> 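Have a look at this one before I ask anything.
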Amino acid sequence: MGKIEFERFELKNGLTVIVHEDATTPLACLNIMYDVGSRDEDPDRTGFAHLFEHLMFGGSANIPSYDAPLQVAGGSNNAFTSTDITNYYITLPAQNLETAFWLESDRMLNLAFTPKSLEVQRNVVIEEFRQRYLNQPYGDAWLLMRPMAYTAHPYRWATIGKEEKHIEEATMDEVKAFFHKHYRPRNAVMVVAGNVTTENVRQLAEKWFEPIEKGEKPQRKLPIEPKQNEPRRTVAERNVPLDAVYMSFHMCGKGDKDFPVWDLISDVLSAGQSSRMTQRLVKEKQLFTSIHAFVMGERDPSLFTVAGHLSQNVTVEQAEQAIWQELELLKKELVEETEFEKIKNQAEANHEFSEMNLLNRAIGLAYHQLLGDANDINKEIEKYMAVTREDMMRVAQNGLVSSNCSTLIYKRKN
Amino acid sequence: MLDRTKEPKFGTIDSIELIEPTVQHLSNGLPVFSINAGVQDVLKVELIFGAGTATADKLLVGSSTVELMKEGTEKRSAAAIAEAVDFYGAYLQNEVSFENSSLSLFTLNKHLSNTLPTLAEVYHAPAFSEEELSIYRMNNQQEMLVKMEKVSYLCSKGFSSALFGSDHPFGRSAVPSDYEKISREDLVRFHQSFIHNRLKYIMVAGKLGNDSIALLDEYFGEAKRESDVIWNVNVPEHETKKIHIEKADAVQNAIRIGRVLFSRTHPDYIGMQILATVLGGYFGSRLMSNIREDKGYTYGVGAGLVSLNDTGYLSISTEVGSDVCAAAVREIYFEIERLRKDLIPHTELDLVKNYMLGSLLKTIDGPFQIAAKWKNYLKHGLGMDAHHDLIHRIKTITPERLRELAQKYLQPNDLIQVTAGRKMQ
């Protein structure tokens, strides 16, 4: 198992820089992860972190167009926002690395906020809201599940936001305040990976990023989600062709020692064609046309979810009962030895496949650094290998119980 | 003092190194192309067949055959096959297009001798049991109903039909009840004639062990090799078509605009590919700048060329707010007209050229990506010359030439327009 080698240093303004050298590629990646996501939003201004991500492409203090100079240097870029982070990345020919430093440092320095850019991006984000969440069957599942499963923690809204209205109402002052609070060097991790040298990256980082004012590290005081004590349920009547069931259970956050246990539980249930739910519920009993169990890897205590589309003529009661039967089995019997070996082999292989990609490695390093230590990326697989069958039974017994479950049912409108 | 208004010096890409595959032959003459690259101990073994969805007379037979191959063999049940692959953390993946299909094994190197036999078994002796077919039929029928709720799906299907004609092998489209019509015999026959006997070659990518070829010979060295299916793709002439597919409850409409063009081997293909990039092939493209970044009508819009074996087509696609659909369509034609009237400024064209070369560099980073690139070249009988030629043409194309191409191939009357969603105002 290959170890991801890296160097790490901090600039005077508190920006953490990580360098991962890989001479086998002609490319370089520059990845900046800001420690801000939708969990940091005001409940009356949801969708803001993501809207802000769009505004980051509207030109910065000294550079009117972000994209054009990058494309001219043969590069491309994108970004994504989650509940926890906002991540920006550039990939370009390694020889043109400095262009990436120039662009990224200028937009960390200051944005050139224009009313036009805000207006247009509000519209673009509303169209994204429609395309991905409203105009798709089951697209609003997380808009319904999150506010049911959470009562206090900001994970109760989705990253896209609670509603279009919050995005429509965003003002220029709010945008500026958000930038100055969250987009400071101390609130970011930069990873430079690919055909680069640490020495060169250090020089470029000092040249372009070190002059940026330090700023404060924003303090975060998020409400703690109280323990759920009774089953919750929402039935949504929608124009969908098949009924569907989503069941979410509270679980630990990404940094917790039980995280790999939950992840492996989801693998036993639905990783690969031979998994329990695919074999028994889709193929043998034919209750579902598809069914999946998954974790999200959020930093704060998160959700473990089982979601399936029901076969025609199967009732919601039958479907739920079948899912519960599978969950109960995890609590009653230890996972079989060979099955256990299988999911460990799968974890090992998935790890190896995902590390083929340079950008994945860069993002992984940045995320682990935000969680505490970039080097934990190299310990991740060991943590999976250390999980025991007893751990899986214990976690299932404590977590996969009805008083910890929020159920969302999609009913077909007639 | 650092001058942040001045961009750092950058270089243009002069050459792009593409690793050439090694070619070896198995006992039956079957070529094996190998890309030995990468640092992870993984392998992708891909069996490439010269048949796809358009090869079968009956709808859905091509895709169903390829997809059902891994659902059980003469020796082992679907569950046992799945177990045999999953146990080693490996997976099987199939791809099906109009004229080609493939079956791939992704595996850790150290498990190759355990996982390859399963790939071979799935290739040689799939069972196509009635029971598996019936599960497949039911699930796919129902998942198709889900897809039919998406305007993008309705629009793409309508677009293929409009491009090639709804009876043409590339234009016909299935409805859920078509799954009822496929029988076990259809699959067995298609597998025998077009998959099993028409394995064209094997592509292996990753960190190759010394024994890989010997192992492949053991399992594939006796496969029968019949000559390629001969294609006669007559694309019917058609009048200008504007089609709307109604979906009354949509909040966004999907738009596809394009036309039939030609395949990768046509002398104008690369020129048109560059033109499509200018129009809608990257984030700063004219369509993105206009309908997303200026007007906020959409989350995204794209344009690109698709190459089939002997033909190809241009496709411009987007999803926009239903209320601005008509306006978005107008802007798309406006941008096409601009390409026909005005020369593309040199600064913009230089940007596109550099961007395309940078993208090319990115698409051949890593063994699986290099293999995919070669698969595409091999499909058209092309080799390393094509790679050099592509770079040369990107670097040397002129605004004048691109305007000529736009005038020749982007006449509004030749374009087909399909929309899906709410009725347009």
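All values below were derived from every heavy atom in this structure, side-chain atoms included, with hydrogens, water molecules and symmetry-related copies excluded. Remember, it's a predicted structure, so these values are computed and weren't measured experimentally.
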> Do B:Tyr299 and A:Arg132 pair up side chain to side chain, a donor and an acceptor below 3.5 Å, judged on atom types alone?
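Distance-only check passes for B:Tyr299 and A:Arg132.
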> When you compare the side chains of A:Ser105 and B:Arg4, does any donor N or O come within less than 3.5 Å of an acceptor on the partner?
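Yes, a side-chain donor-acceptor pair sits under 3.5 Å.
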> Based on non-hydrogen pairs under 4.5 Å, which of A:Phe57, A:Phe129, A:Phe101, A:Trp208 is most in contact with chain B?
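Max contact count across the listed options: A:Trp208.
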> Can you find a heavy atom in the side chain of B:Phe10 that is under 4.5 Å from one in the side chain of A:Trp102?
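In short, these two side chains do not touch, never coming nearer than 4.5 Å.
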> Examine whether an atom of A:Val240 lies under 4.5 Å from a heavy atom of chain B, and if so say whether it belongs to the side chain, the backbone or both; otherwise answer neither.
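Contact with chain B is absent: no heavy atom of A:Val240 under 4.5 Å.
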> Mind checking which of residues 77-87 of chain B sit less than 4.5 Å from chain A, heavy atom to heavy atom?
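If one takes a 4.5 Å heavy-atom cut-off, the residues of residues 77-87 of chain B near chain A are B:Ala78, B:Ala79, B:Ala82, B:Glu83, B:Asp86, B:Phe87.
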> Would you say the rings of A:Tyr66 and B:Phe283 are close, in the sense that their centroids are separated by under 6.0 Å?
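No, the ring of B:Phe283 stays outside the 6.0 Å limit from the ring of A:Tyr66, centre to centre.
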> Using only heavy-atom distances, determine whether the side chains of B:Thr298 and A:Glu127 contain a donor-acceptor pair under 3.5 Å.
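There is no such pair (donor and acceptor under 3.5 Å, judged by atom type) between the side chains of B:Thr298 and A:Glu127.
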> At a heavy-atom distance under 4.5 Å, which candidate from A:Gln95, A:His54, A:Lys283 has the highest pair count against chain B?
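Ranked by contacts with chain B, first place is A:Lys283.
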> Residues in salt bridge (charged side-chain N to carboxylate O under 4.0 Å, His left out) with A:Arg361, at least two apart?
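Partners of A:Arg361 by the salt bridge (charged side-chain N to carboxylate O under 4.0 Å, His left out) criterion, ordered by chain and then number, come out as A:Asp22.
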> Do A:Ser311 and B:Met138 have side chains that get closer than 4.5 Å, going by heavy atoms?
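Yes, side chains in contact.
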> Identify the two heavy atoms, one from A:Lys207 and one from B:Leu2, that lie closest to each other, and give their separation to 0.1 Å.
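Distance-wise, the nearest heavy atoms are O-CD2, 3.2 Å.
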> What part of B:Asp294 lies closer than 4.5 angstrom to a heavy atom of chain A: side chain, backbone, both or neither?
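For B:Asp294, backbone and side chain are both near chain A.
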> Do A:Asn62 and B:Thr5 have side-chain N/O donor and acceptor atoms under 3.5 Å apart?
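No, because no side-chain N or O of A:Asn62 sits under 3.5 Å from a partner of the opposite role on B:Thr5.
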> Between B:Glu293 and A:Gln121, is any side-chain donor less than 3.5 angstrom from a side-chain acceptor?
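The answer is yes; a qualifying pair exists.
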